[in-house]
Amino acid sequence: MSLEVALTLLIYALLCLGGGLTLAVIGVGFASLQLKRQLHGFLLRWEKPSFGLWTIGLFLFLLASLSGGMLAYAFALKFSPTAAVAQRWWQIALLCFSNGLLVVLLYLALRLQYMYVLSERGIYNLRYRWQTLQWDVELIPWESVYDYYKVEEASLVRYTLLLRDRRACTLYVPGHVQDTIDRVLAHYIDKYNFLYRYGRKIESRPSDS
């Protein structure tokens, strides 16, 4: 197999890869926009630990694309601008850089889908329903949370929020955000525990005549 034929096959492979990445970016981007429309009043948000695997994988993909593009660019400079082989190397370099850009867009689109989100109204519990290809967004209001406990696990802190309907909600928090989360939880839990405990008594007390 000649070099020119091998480079042509590589170009077709990169084109197919770019097409797949483009479809992935469009699909994931649409799902992220659909999700973002349902989230309101952001207070805090941070990445879930499971997104770390995506980050590593996409970073390695991006590194491979940029390295391949730079290598192809270097080979293209060695040939005459009119040579057929040089044109192939230029096309490979362009496709590698384009695929790298698509990987960055895919990362940004995926990131929103792997977030813990706290809002002024409560905690968003996000689940994707593959049966309907839609996001199931549940807002757990702050008044439903009556207590919590936390356990430190390596670089993360696992918060377990206890709900009044006997459910539990788990959040994994990076260590540097722990103090902020403590303050937010203490503020809202104390506020609504007070209202839950004394609000009805105040409402039921007969007014002074």
Side-chain angles (χ1 to χ4, degrees), residues 21 23-59 103-204:
L21 285 172
L23 292 176
V25 169
I26 293 173
V28 174
F30 177 78
S32 295
L33 289 176
Q34 181 189 56
L35 173 61
K36 191 173 182 180
R37 292 194 188 100
Q38 302 181 62
L39 304 178
H40 306 283
F42 286 160
L43 196 62
L44 282 172
R45 57 180 180 175
W46 66 94
E47 296 174 4
K48 295 181 178 179
S50 56
F51 189 62
L53 296 177
W54 279 104
T55 301
I56 294 172
L58 293 176
F59 175 77
V103 169
V104 173
L105 294 177
L106 182 60
Y107 170 83
L108 296 175
L110 272 173
R111 188 168 180 266
L112 181 62
Q113 302 182 21
Y114 285 85
M115 301 283 281
Y116 289 114
V117 180
L118 305 187
S119 75
E120 297 174 354
R121 298 166 55 199
I123 305 155
Y124 281 104
N125 186 20
L126 311 177
R127 294 185 299 272
Y128 191 74
R129 301 291 186 185
W130 289 100
Q131 299 87 343
T132 59
L133 298 180
Q134 290 182 337
W135 281 96
D136 181 10
V137 179
E138 177 191 10
L139 177 65
I140 302 174
W142 288 116
E143 54 263 34
S144 297
V145 183
Y146 71 88
D147 202 358
Y148 75 95
Y149 63 88
K150 59 183 180 179
V151 178
E152 294 189 7
E153 300 179 353
S155 60
L156 296 174
V157 182
R158 175 166 56 87
Y159 283 75
T160 301
L161 311 184
L162 305 178
L163 310 182
R164 299 189 191 279
D165 59 5
R166 298 184 180 181
R167 291 188 300 159
C169 179
T170 302
L171 307 174
Y172 287 91
V173 177
H176 67 276
V177 187
Q178 180 180 355
D179 291 341
T180 303
I181 298 297
D182 284 341
R183 289 196 296 269
V184 170
L185 292 178
H187 169 74
Y188 283 105
I189 289 175
D190 290 346
K191 172 184 176 181
Y192 285 105
N193 277 346
F194 176 84
L195 293 175
Y196 188 83
R197 183 176 303 174
Y198 299 108
R200 293 181 180 178
K201 294 181 180 180
I202 295 173
E203 290 178 359
S204 60

Atom [atom1] in [X], atom [atom2] in [Y]: separation rounded to 0.5 Å?
{"X": "Trp142", "Y": "Leu43", "atom1": "CH2", "atom2": "CG", "answer": "7.0 Å"}
{"X": "His187", "Y": "Tyr192", "atom1": "NE2", "atom2": "OH", "answer": "8.0 Å"}
{"X": "Ile189", "Y": "Lys191", "atom1": "CD1", "atom2": "NZ", "answer": "13.0 Å"}
{"X": "Leu58", "Y": "Phe51", "atom1": "CG", "atom2": "CZ", "answer": "6.5 Å"}
{"X": "Lys150", "Y": "Thr170", "atom1": "NZ", "atom2": "OG1", "answer": "15.0 Å"}
{"X": "Tyr116", "Y": "Ile123", "atom1": "OH", "atom2": "CD1", "answer": "11.5 Å"}

- Message: Under the criterion side-chain contact (heavy atoms from CB on, under 4.5 Å), I'd like the reasoning laid out for His40 against Leu139: C-alpha separation, chi angles, the key distance, then a yes or no.
- Response: CA-CA 10 Å; His40 306 283; Leu139 177 65; over 6 Å; no
- Quick one: does Leu171's side chain get under 4.5 Å of Ile181's, heavy atoms only? no
- Item | Glu120 side chain near Tyr188 side chain, heavy-atom distance below 4.5 Å | yes
- Message: Out of the candidates Leu161, Val145, Asn125, only one should pair with Cys169 under the side chain to side chain contact (heavy atoms under 4.5 Å, CB included) rule; please name it.
- Response: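 The passing option is Leu161.
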- Query: Taking Tyr124 as the fixed residue, which of Val137, Leu35, Leu118 is the one that meets the side chain to side chain contact (heavy atoms under 4.5 Å, CB included) rule?
  - Reply: Val137
Please check if the number of heavy atoms outside [X] that lie under 6.0 Å from its [atom1] is greater than 12.
{"X": "Glu153", "atom1": "CD", "answer": "yes"}
{"X": "Lys48", "atom1": "NZ", "answer": "yes"}
{"X": "Phe59", "atom1": "CZ", "answer": "no"}
{"X": "Trp135", "atom1": "CH2", "answer": "yes"}

Closest non-hydrogen atom pair between [X] and [Y], with its separation:
{"X": "Val173", "Y": "Gln178", "answer": "CG1-N, 4.1 Å"}
{"X": "Leu112", "Y": "Ser32", "answer": "CD2-O, 3.5 Å"}
{"X": "Thr160", "Y": "Ala168", "answer": "CG2-CB, 4.0 Å"}

Judged by atom type as modelled, is there a donor-acceptor pair below 3.5 Å linking the side chain of [X] to the main-chain atoms of [Y]?
{"X": "Arg164", "Y": "Glu143", "result": "yes"}
{"X": "Trp46", "Y": "Tyr172", "result": "yes"}
{"X": "Glu138", "Y": "Arg127", "result": "no"}

